[in-house]
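What follows is one structure encoded as C-alpha cells, with my remarks underneath.
Whatever order the structure lists them in is the order used to number ligands and atoms, beginning at 1.
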Amino acid sequence: MTGSSLKDCSTCTACELASNRQTVVISRGNPDADVMLIGEAPGAQEDVQGIPFVGRSGRALDQLLQEVDLDPSRDLYICNAIKCRPPKNRRPKKAELASCRSWLDLQLAAVDPKVIVLTGATAVEAILGIKGGMTQLRGQWQSWNGRSVMPIFHPSYLLRNPSKAAGAPLDLTRQDLTAVRRRLCER
Ligand code: URA
Ligand code: SF4
C-alpha cells in the first residue's frame, strides 16, 4: 500500500520504477483548476526537474493550450498516470499503473476537476479502462465518476506528425482542446 497523503508520494517505493528514477514527478499548474490533464509518465527532462511535461512534448502541449486560450499554469492541473520515469521511456507496465493509481486517485480527489483531459492511450487505459487507438478515441466526450473526460492525442505523437493541414492530428487536437475550453463555460 502506498501512503495516504500526497506529500508522501515523493518518497514512494511501491513499484520497481523507484530504483531508477531521479525525482518523483507529481504535478504542475493550478490545484484549484477545473481541468486536470493526465499524461503517461515522466521522460528524461521531467525526471531531472521533477516537473511534468517540461521537455519537447511539454512545450508542444503548452503551445497548443495557449492557442486555444487555456493558460497552462492557471487553467490546468497537469500530471501523469505514472510518477516515476520508466527506463528508456518504455510504456508503463500494468502492475506499475496499478501501484501508482492511489496517487492519481488522491490527486483527482484533491483537485476535483470538472473536466479530465487524457493525453494518449496509456492515460485512457488508466482512467477509462479501455484499450484502443487514439484516432478512434480522441475527440469523443466520455464520462468518469460524473466528470467529463476528453481523450486527445499525446503531444509526442503530434511531434512525430507535424502537419499543419486541416484534419491532421494537430488540427484535431486544437479542436478537442477548444471543446474542453467551451465545456468550462457550461454549467
Ligand atoms: N512528459 C510527461 O511528463 N508526460 C508524458 O506523458 C510525456 C512527457
Ligand atoms: Fe511509487 Fe508511482 Fe513511483 Fe511506482 S511510479 S515508485 S508507485 S510513485
Next item on the list: Check whether any N, O or S atom of Cys100 sits under 2.8 Å from atom 1 (Fe) of ligand 2.
Entry: no

Does [X] reach the main-chain N or O of [Y] with its side chain, forming a donor-acceptor pair under 3.5 Å?
| X | Y | value |
| --- | --- | --- |
| Thr23 | Val25 | no |
| Gln107 | Ile26 | yes |
| Asp171 | Gly167 | yes |

Notebook entry, point to check: At what distance, to the nearest 0.5 angstrom, does CD1 of Ile116 lie from CD of Gln142?
Noted result: 11.5 Å

Check: By side-chain hydrogen bond (donor to acceptor under 3.5 Å, both in side chains), which residues pair with Arg28, not counting sequence neighbours?
Finding: Asp62

Notebook entry, point to check: Of Thr119, Asn89, Thr122, which meets side chain to side chain donor-acceptor pair (under 3.5 Å) against Glu40?
Noted result: Thr122

Notebook entry, point to check: Step by step, would you call Asp71 with Ser73 a side-chain hydrogen bond (donor to acceptor under 3.5 Å, both in side chains)?
Noted result: CA-CA 6 Å; Asp71 179 332; Ser73 52; 3.1 Å; yes

Item checked: Ser99 neighbourhood, listing ligand 2 atoms whose heavy-atom distance to it stays under 4.0 Å -> 7 (S)

Item checked: Contact with ligand 2 for Arg21, non-hydrogen, under 4.0 angstrom -> yes

Check: Can you pull the residues with any heavy atom under 4.0 Å from ligand 1?
Finding: Gly39, Glu40, Ala41, Glu46, Pro52, Phe53, Asn80, His154

